[in-house]
**Student:** 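What follows is a single structure, and I will ask about it in a moment.
In this text the structure is predicted, and so the values were computed from the model without any measurement.
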Amino acid sequence: MPNDFSEVMSTQTDAELLRIVNELRSEYQPDAVLAAENELEKRKLTGAQILVAKARIIEKELSENEKAKKQLPVVWKVLTAIFPGIIQFIIALVLKERGYEKMSKDLIFWTLIGIAITIGFVLTLKIFYELF
């Protein structure tokens with residue numbers, strides 16, 4: 001069955017099409033890039049429309065960068081250190097998948113800190129129990 005990308009590309013925004021043609025060309029099949037180019041030609045974008053589309057691309061990239069750098073709130077760090085568990089690792093994976101790179105790393109770090117604190121506490125209790 002031949003791949004027909006024209007229908008898919010017709011649903012893309014101008015900004016997405018420009019991004020596929022200019023920046024993401026190597027990530028798409030040649031037929032898909034050709035369909036994106038054909039769709040752009042069909043739309044006959046003016047210079048102003050191209051500028052607006054490029055501005056949207058830049059805006060989206062800035063938003064993604066801000067998301068990736070966002071830190072985990074202090075209250076979450078404290079709660080994660082006090083109550084570490086497997087659920088935090090699952091949440092960290094979800095955060096990473098959604099583009100929150102720093103928050104994901106912070107959550108894993110504070111979960112590991114919490115696990116270390118818990119192990120230390122249990123060992124201390126065991127030592128005191130054996131002494132008395």
Side-chain angles (χ1 to χ4, degrees):
M1 182 175 150
N3 290 328
D4 185 17
F5 296 104
S6 352
E7 188 176 324
V8 173
M9 293 303 169
S10 68
T11 64
Q12 302 295 321
T13 65
D14 296 340
E16 290 167 338
L17 289 171
L18 286 169
R19 196 159 179 240
I20 290 168
V21 169
N22 295 317
E23 297 172 24
L24 304 175
R25 181 178 286 273
S26 64
E27 297 178 24
Y28 283 82
Q29 295 179 22
D31 290 342
V33 174
L34 184 61
E37 289 172 342
N38 290 339
E39 183 62 30
L40 282 171
E41 285 178 27
K42 192 187 313 181
R43 293 184 186 185
K44 297 180 181 172
L45 301 177
T46 64
Q49 289 172 314
I50 291 172
L51 287 175
V52 168
K54 286 183 179 181
R56 287 191 179 133
I57 291 170
I58 292 170
E59 182 180 321
K60 183 178 179 183
E61 288 172 356
L62 288 174
S63 174
E64 288 171 359
N65 286 339
E66 287 176 13
K67 229 165 102 169
K69 293 178 183 177
K70 191 171 183 178
Q71 291 191 4
L72 190 67
V74 174
V75 69
W76 277 96
K77 291 177 183 178
V78 172
L79 288 173
T80 300
I82 294 171
F83 305 108
I86 293 174
I87 191 76
Q88 283 88 343
F89 291 108
I90 295 169
I91 293 169
L93 289 174
V94 171
L95 287 170
K96 186 173 185 175
E97 182 180 298
R98 293 186 179 174
Y100 293 96
E101 296 285 332
K102 179 77 170 115
M103 287 179 78
S104 174
K105 288 178 183 178
D106 286 350
L107 189 58
I108 290 170
F109 175 79
W110 286 101
T111 302
L112 294 174
I113 293 292
I115 291 169
I117 290 170
T118 303
I119 290 170
F121 183 71
V122 168
L123 289 176
T124 303
L125 285 177
K126 183 178 179 186
I127 291 169
F128 279 124
Y129 178 76
E130 290 176 1
L131 288 175
F132 299 107

**Student:** Let me check something: any side-chain donor-acceptor pairs from residues 51-61 under 3.5 Å, sequence neighbours excluded? List them with distances.
**Tutor:**
none

**Student:** For S63, give me all partners under side-chain hydrogen bond (donor to acceptor under 3.5 Å, both in side chains), at least two apart in sequence or on another chain.
**Tutor:** none
**Student:** I'd like to check the side-chain hydrogen bond (donor to acceptor under 3.5 Å, both in side chains) partners of Q88; sequence neighbours left out, ordered by chain and number.
**Tutor:**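 side-chain hydrogen bond (donor to acceptor under 3.5 Å, both in side chains) check on Q88 returns nothing, list empty.
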**Student:** Test question: given the 4.5 Å side-chain rule for I, L, V, M, F, W and Y, name all other residues clustered with F89, or answer none.
**Tutor:** I108, L112, I115, I119, L123
**Student:** How long is the gap from CH2 on W76 to CE on M103, to the nearest 0.5 Å?
**Tutor:**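 The CH2 atom of W76 sits 8.5 Å away from the CE atom of M103.
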**Student:** Name all residues meeting the salt bridge (charged side-chain N to carboxylate O under 4.0 Å, His left out) criterion together with R43; count only those two or more places apart in sequence or in a different chain, and write none if there are none.
**Tutor:**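 Counting only residues at least two positions away or on another chain, R43 forms a salt bridge (charged side-chain N to carboxylate O under 4.0 Å, His left out) with D14, E39.
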**Student:** Please list, chain by chain and in numerical order, all residues satisfying side-chain hydrogen bond (donor to acceptor under 3.5 Å, both in side chains) with T124, sequence neighbours excluded.
**Tutor:**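 Once residues adjacent in sequence are excluded, T124 has no partner under the side-chain hydrogen bond (donor to acceptor under 3.5 Å, both in side chains) criterion.
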**Student:** Which residue pairs satisfy the side chain to side chain donor-acceptor pair (under 3.5 Å) criterion with at least one member in residues 91-120, sequence neighbours excluded?
**Tutor:**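 Applying side chain to side chain donor-acceptor pair (under 3.5 Å) to every pair that reaches into residues 91-120, excluding sequence neighbours, yields K102-D106.
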**Student:** Under the rule for side-chain hydrogen bond (donor to acceptor under 3.5 Å, both in side chains), what residues qualify as partners of S10, not counting sequence neighbours?
**Tutor:**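 side-chain hydrogen bond (donor to acceptor under 3.5 Å, both in side chains) list for S10, sorted by chain: empty.
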**Student:** Could you list the cluster mates of F121? Members are the ILVMFWY residues connected by side-chain heavy atoms closer than 4.5 Å, either directly or through other members.
**Tutor:** L125
**Student:** Could you tell me which residues satisfy side-chain contact (heavy atoms from CB on, under 4.5 Å) with I117, sequence neighbours excluded, listed by chain and number?
**Tutor:** I113
**Student:** Residues two or more places apart in sequence or in another chain: which of them pass salt bridge (charged side-chain N to carboxylate O under 4.0 Å, His left out) with E64?
**Tutor:**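 For E64 there are no salt bridge (charged side-chain N to carboxylate O under 4.0 Å, His left out) partners, ignoring immediate neighbours.
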**Student:** For L40 and L18, which heavy atoms make the closest approach, and how far apart are they?
**Tutor:**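 Scanning both residues completely, I find the closest heavy atoms to be CD1-CD2, 4.0 Å.
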**Student:** State which residues pass side-chain contact (heavy atoms from CB on, under 4.5 Å) with V78; sequence neighbours excluded, sorted by chain then number.
**Tutor:** V74, I82
